[in-house]
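Quick caveat: nothing in here was measured; it's all calculated off a predicted structure.
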Amino acid sequence: MVIENIRLALQSFISNKMRTLLSVLGIVIGVASVIAVTSLGNSATQSIQRQIAATGLESLTVIPRGFDRNFESNFTVELADSILANVDGIEHAVAMNGSNVNIRAGSNTWSGSANAVFPEYADVFDYQVAEGGFISEEMNESADMTLVLGSEVVEDLFPDGGAIGSYVRVFANNSSRSFKVVGIMETRTAGFGQSFDSAVYLPYNTYAQRYSGSNIVGSYALSTAEGADVLAIADELESFLTIRLGEDSFRVMSPATIAEAASSVTETLN
């Protein structure tokens, strides 16, 4: 019986070649489409996760929201120390500030972001020095006129080399000052709100004392201990800051949170 059915099926295929061809073609295209779409979805998920992971899934950023009368007293350098002391799993917590500047080195010029940071900034983002050194504790304590260049900046200002030890002119906030270049950073994937290569770095106290004239903090960069649950730490951090500062006065952002949301979206699409 089975053999007879197979024989009749083969005869039907042979006598209806076009219909058979179209049926087979439809099956092949259908299966191939499902495989292709699934593969694209998986590739998209992996690509997003790789890009976000490259910025450092262990990092967290706290950004002040609003400028009420308590803003200056709430968002201080000391808040970073308080976070470090009260939130378990936080390994580094540093205040950051900065503004856009224009820099001139001889006949070469560059415009972009100047980040006022503490020495621990490099540890938070695992940011490595290519030549010279990064901002030191001594430089920050004495508010030295020193500058560290991102890898793209040094190409614009010193295309022929010789940046370390050279002096550049920094124009910002209607003033002009001379800075000594003490370091060049390695190329680094753009991070969560951080464009590393196209930025320069100066001691936090230098910026506060010589440019802004204020201790108000623009944001906080934090890193968690290796292997820690970043999402759980972010929740604990939000609870601590809510008690300390009040609701809706800050935002906590994390690449881990973005990665989790991106994975959820691509899984739903799949």
Pairs of donor and acceptor atoms involving the side chains of residues 141-166, under 3.5 Å and at least two apart or interchain, shall be tabulated with distances.
unit_1 : atom_1 : unit_2 : atom_2 : d
S142   : OG     : E138   : O      : 2.8
S142   : OG     : D144   : OD1    : 2.6
S151   : OG     : T187   : OG1    : 3.3
S151   : OG     : D197   : OD1    : 3.2
S166   : OG     : G162   : O      : 2.6
S166   : OG     : A163   : O      : 3.4

| side-chain contact (heavy atoms from CB on, under 4.5 Å) between T242 and F250, worked out | CA-CA 8 Å; T242 298; F250 64 90; 3.5 Å; yes
| Between S113 and N115, is any side-chain donor less than 3.5 angstrom from a side-chain acceptor? |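 Looking only at side-chain atoms, N115 and S113 do form a donor-acceptor pair, the distance falling under 3.5 Å.
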| query | So, for Y201 and Y127, is the gap between ring centers shorter than 6.0 Å? | reply |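 Yes, they do, as the ring centres are separated by less than 6.0 Å.
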Find the distance between [atom1] ([X]) and [atom2] ([Y]) and round it off to the nearest 0.5 Å.
| X | Y | atom1 | atom2 | result |
| --- | --- | --- | --- | --- |
| M139 | K180 | CE | NZ | 8.5 Å |
| Y207 | N97 | OH | CG | 5.0 Å |
| L222 | I233 | CG | CD1 | 10.0 Å |
| I135 | F118 | CD1 | CZ | 11.5 Å |
| E238 | R251 | CD | CZ | 10.5 Å |
| L241 | S249 | CG | OG | 7.5 Å |

| said: Can you confirm whether more than 12 heavy atoms, excluding those of R104, are under 6.0 Å from its CZ atom? | reply: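 For R104, atom CZ is not crowded (no more than 12 foreign heavy atoms under 6.0 Å).
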| message | When you measure from the side chain of T206 to the backbone of L202, do you find a donor-acceptor pair of N or O atoms at a distance under 3.5 Å? | response |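 No, the answer is negative, given that no donor and acceptor are paired below the 3.5 Å cut-off.
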| Are R177 and Y211 in a cation-pi contact, defined as NZ or CZ under 6.0 Å from the six-membered ring centre and within 45° of the axis? |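 Yes, a cation-pi geometry.
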Do [X] and [Y] sit in one hydrophobic cluster, given that two such residues count as connected whenever their side-chain heavy atoms are within less than 4.5 Å of each other, even indirectly?
| X | Y | value |
| --- | --- | --- |
| V182 | V200 | no |
| Y220 | F125 | yes |
| I184 | V117 | no |

If every non-hydrogen atom of [X] is compared with every non-hydrogen atom of [Y], which pair is closest and at what distance?
| X | Y | answer |
| --- | --- | --- |
| P119 | S136 | CG-C, 3.5 Å |
| A116 | P203 | CB-O, 4.3 Å |
| L60 | T224 | CD1-CG2, 4.0 Å |
| D126 | R188 | O-NE, 3.9 Å |
| P64 | V217 | CG-O, 3.9 Å |

For residues [X] and [Y], determine if any side-chain heavy atom of one lies less than 4.5 Å from a side-chain heavy atom of the other.
| X | Y | result |
| --- | --- | --- |
| I83 | L237 | yes |
| W110 | V168 | no |
| N108 | I103 | no |
| L79 | R244 | yes |

| query | Stepwise, does the side-chain contact (heavy atoms from CB on, under 4.5 Å) test hold for Y204 with Y121? | reply | CA-CA 10 Å; Y204 188 93; Y121 175 90; over 6 Å; no
| query | Which residue pairs satisfy the ring pair (Phe, Tyr, Trp, His ring centres under 6.0 Å) criterion with at least one member in residues 161-189, sequence neighbours excluded? | reply |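 Residue pairs with at least one partner in residues 161-189: there are none.
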Using residues 85-94 as the side-chain source, report each donor-acceptor pair under 3.5 Å to any protein atom, sequence neighbours left out, with the distance given to one decimal.
unit_1 : atom_1 : unit_2 : atom_2 : d
N86    : ND2    : S82    : O      : 2.7
N86    : ND2    : S82    : OG     : 3.4

| query | Taking it one step at a time, do R169 and N102 satisfy side-chain contact (heavy atoms from CB on, under 4.5 Å)? | reply | CA-CA 8 Å; R169 203 75 186 170; N102 296 310; over 6 Å; no
| query | Is there a side-chain contact (heavy atoms from CB on, under 4.5 Å) between I29 and I27 once you walk through the steps? | reply | CA-CA 6 Å; I29 291 174; I27 294 170; over 6 Å; no
